Structures are given as C-alpha cells and as structure tokens.
Amino acid sequence: MHGALRAALRDWSTAAGSTTIRQCLKSRVPLQRSSRVYSVVPTPRDSEEKDMLDRILRVDHAGEYGANRIYAGQMAVLGRSSIGPLIQEMWDQEKKHLKKFNEILAENRVRPTALLPLWNIAGFVLGASSALLGKEGAMACTVAVEESISEHYNSQIRALMEKDPERYTELLQVIKEFRDDEMEHHDTGLEHDAEKVPGYWLLKNAIQLGCKVAISVSQRV
C-alpha cells in the first residue's frame with residue numbers, strides 16, 4: 001500500500017510539473033503581444049546591465065526556492081503541531097514569492113542557478129533538523145534565514161536606487177514587497193520564542209554563514 005501511494009505521488013508530481021510548465025509557456029503569450037516593453041525588468045541596455053540583472057534575478061529566485069524548501073522541511077516535522085498553521089501561513093507567502101520569480105525568470109529568459117538540486121536537499125534538511133529542536137528551533141531558523149534574505153534584498157535595493165530608481169521602479173517594488181514579507185516572518189519568529197532555543201546565537205550565526213555562502217555562489221553558478 002505504501003509503495004502504491006509513493007508511486008501515485010510521483011505520478012502526480014510529474015503531471016503537476018508538466019502542467020505548470022505548460023501554463024508558464026501559455027502565460028508568456030499575452031506578454032509578448034502586449035504594448036508594454038517589459039513587465040518588471042527593463043530590457044538591458046548592454047551586456048553589463050544584463051549580467052547585473054541576471055545575477056539579481058538568479059540569486060533572488062534561489063533564495064525564495066531555498067526558503068520554500070526550509071518551510072517544507074519544518075512542516076514535515078511540525079505540520080500537525082500547534083505551530084503548524086503559522087508555519088504554513090509563512091510558507092504560503094514564500095510560495096507566492098517563488099511563483100513570481102519563476103515568472104520573471106521565464107519572461108526574461110534567465111536561467112536559474114545550477115545549484116537548485118543542492119538547495120532542494122539542503123533547504124529541506126535545514127528546515128526539518130531545526131524543527132526537530134521544537135518550535136523554538138524552527139523559529140530560530142526562520143529568524144536567521146529571513147534576516148539574511150532581508151539584508152540581501154536591502155543591498156539590492158540600495159544598488160538599484162543608486163543606479164537609476166526610475167528605470168528599475170517595478171523591480172524595486174517587487175523586491176521591497178518581498179523584503180517586507182521576510183521581515184514580517186523574522187519578527188514572527190522572535191515573537192514565538194526563537195531566542196529560547198538552546199545555543200540560539202550559535203545556531204543563528206551558523207545558519208547565516210551558510211546563507212551568505214549560498215547567496216554568493218548562486219549569483220555566479
């Protein structure tokens with residue numbers, strides 16, 4: 001019975017993935033026919049600007065993908081606990097972020113990082129292992145990760161504002177909106193006893209070091 005269930009889940013996942021790809025391809029048709037030149041990201045003026053925008057989109061997509069996998073890992077452990085609905089609520093927001101960056105990458109023909117399979121596993125393991133420490137461990141992980149992502153979004157906002165805030169108005173709007181969501185998750189983690197997990201500062205610093213490495217690598221690979 002368990003084998004049949006796993007097989008059914010695999011078949012469903014494959015079918016869902018194919019359906020998602022077809023929907024993404026269909027969704028690009030109206031954009032191409034639209035009178036607008038771009039939806040969120042302006043057409044690059046030269047190779048230098050294209051490289052910059054590709055790095056921004058690639059790493060932001062990777063960050064949201066990793067965050068989704070972390071919440072998936074936490075839900076696998078704590079989904080039926082009292083904190084489960086709260087984790088699910090934050091995860092639902094992250095799903096919206098990832099969907100948006102999937103669309104933006106497709107619209108601008110930017111490849112995602114080649115390390116997505118690694119972030120898939122690493123994110124889930126981090127989420128599940130932190131959740132095994134209890135509610136406090138899961139919230140400590142959320143605080144560390146969301147703080148790192150928020151700081152990275154802030155650095156992007158500063159860079160784009162310095163270059164040409166009017167040119168990047170819509171991209172800035174997306175990044176700012178997602179940054180605010182991440183900060184809300186960060187604050188939620190603190191409100192739900194993140195700092196009470198044993199070794200909080202050690203755990204937080206270790207996770208944030210990993211986030212910095214992941215951000216640096218995902219921009220390039």
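In this chain, numbering begins with 1 at the start of the sequence shown. For clarity, every value in this text was computed on a predicted model and none was experimentally measured.
Contacts of Lys96 classified as side chain to side chain contact (heavy atoms under 4.5 Å, CB included), with partners at least two apart in sequence or in another chain: none. Remark: Glu184 pairs with no residue by the side-chain hydrogen bond (donor to acceptor under 3.5 Å, both in side chains) rule, at least two apart or across chains. Take His185 and apply the side-chain hydrogen bond (donor to acceptor under 3.5 Å, both in side chains) test, not counting sequence neighbours, and it matches Gln93, Glu94, Glu146. Partners of Arg80 under the side chain to side chain contact (heavy atoms under 4.5 Å, CB included) rule, at least two apart in sequence or in another chain, do not exist in this structure. Scanning for side chain to side chain contact (heavy atoms under 4.5 Å, CB included) contacts around Asp180 gives an empty result, with sequence neighbours left out. Residues satisfying the side-chain hydrogen bond (donor to acceptor under 3.5 Å, both in side chains) test with Gln156, not counting sequence neighbours, are Asp60, His152. The side-chain hydrogen bond (donor to acceptor under 3.5 Å, both in side chains) test applied to Asn154 returns Arg179, not counting sequence neighbours. Leu133 is linked by a side chain to side chain contact (heavy atoms under 4.5 Å, CB included) to Val197, Leu203, counting only residues two or more places apart in sequence or in another chain.
Other residues sharing a hydrophobic cluster with Tyr71 under the 4.5 Å side-chain heavy-atom criterion for ILVMFWY residues are Met75, Val77, Leu78, Ile83, Leu86, Ile87, Met90, Trp91, Leu132, Met139. Cluster note: Ile121 groups with Val125 through ILVMFWY side-chain heavy atoms spaced under 4.5 Å, whether in direct contact or through intervening members.
Taking hydrophobic clusters as Ile, Leu, Val, Met, Phe, Trp and Tyr residues chained together by side-chain heavy-atom distances below 4.5 Å, Ile70 does not share a cluster with Met183. By the criterion of side-chain heavy atoms lying less than 4.5 angstrom apart, applied directly or through intervening Ile, Leu, Val, Met, Phe, Trp or Tyr residues, Leu118 is not grouped with Val145; the two fall into different hydrophobic clusters.
Sparse packing is recorded around CD of Gln173, with 12 or fewer heavy atoms of other residues, nucleotides or ligands lying under 6.0 Å away. For Met52, the CE atom sits in a packed shell: over 12 heavy atoms of surrounding residues, nucleotides or ligands are nearer than 6.0 Å. Counting heavy atoms of neighbouring residues, nucleotides and ligands inside a 6.0 Å radius, atom CD of Glu195 exceeds 12 of them.
Taken from OG in Ser129 to CG in Leu126, the straight-line distance is 5.0 Å, to the nearest 0.5 Å. One distance of note links OH of Tyr153 with CD1 of Ile175; it measures 7.0 Å at 0.5 Å rounding. The CD atom of Glu49 sits 8.5 Å away from atom CG of Asp164, with the distance rounded to the nearest 0.5 Å.
The shortest non-hydrogen separation linking Arg69 to Asn120 is NE-OD1, 2.6 Å. The two residues Ala194 and Val143 have their closest heavy-atom pair at CB-CG2, 3.7 Å. What you find for Pro165 and Leu172 is that their closest heavy atoms are O-CD1, 3.8 Å. Of all heavy-atom pairs spanning Ala76 and Phe124, the tightest one is CB-CZ, 3.8 Å. Ala62 approaches Leu116 most closely through the heavy-atom pair CA-CD2, 4.5 Å. Looking at every heavy atom in both residues, Gln74 comes nearest to Ala138 through NE2-O, 3.1 Å.
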Could you go through the salt bridge (charged side-chain N to carboxylate O under 4.0 Å, His left out) check for Asp193 and Lys196 one step at a time? CA-CA 5 Å; Asp193 304 326; Lys196 291 184 179 180; 3.5 Å; yes

Residues Asp92, Lys95; criterion side chain to side chain contact (heavy atoms under 4.5 Å, CB included); working and verdict: CA-CA 5 Å; Asp92 287 342; Lys95 288 178 181 178; 3.9 Å; yes

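Remark: the Trp119 side chain and the Thr113 side chain contain no N/O donor-acceptor pair separated by less than 3.5 Å. Neither side chain, Asn68 nor Glu64, offers a donor N or O lying under 3.5 Å from an acceptor on the other.
Applying the side-chain hydrogen bond (donor to acceptor under 3.5 Å, both in side chains) test to residues at least two apart or on different chains, the pairs with a partner in residues 204-216 are Glu147-Lys204, Glu147-Gln208, Ser216-Arg220. The ring pair (Phe, Tyr, Trp, His ring centres under 6.0 Å) contacts involving residues 94-117 comprise His97-Phe178, Phe101-Phe178, where partners must be two or more places apart or lie in separate chains.
Taking the side chain as every heavy atom from C-beta outward, Val40 and Lys100 approach each other to under 4.5 Å. A heavy-atom distance below 4.5 Å is not found between the side chains of Ile56 and Val41. Within the 4.5 Å cutoff, no side-chain heavy atoms of Thr142 are placed close to those of His186.
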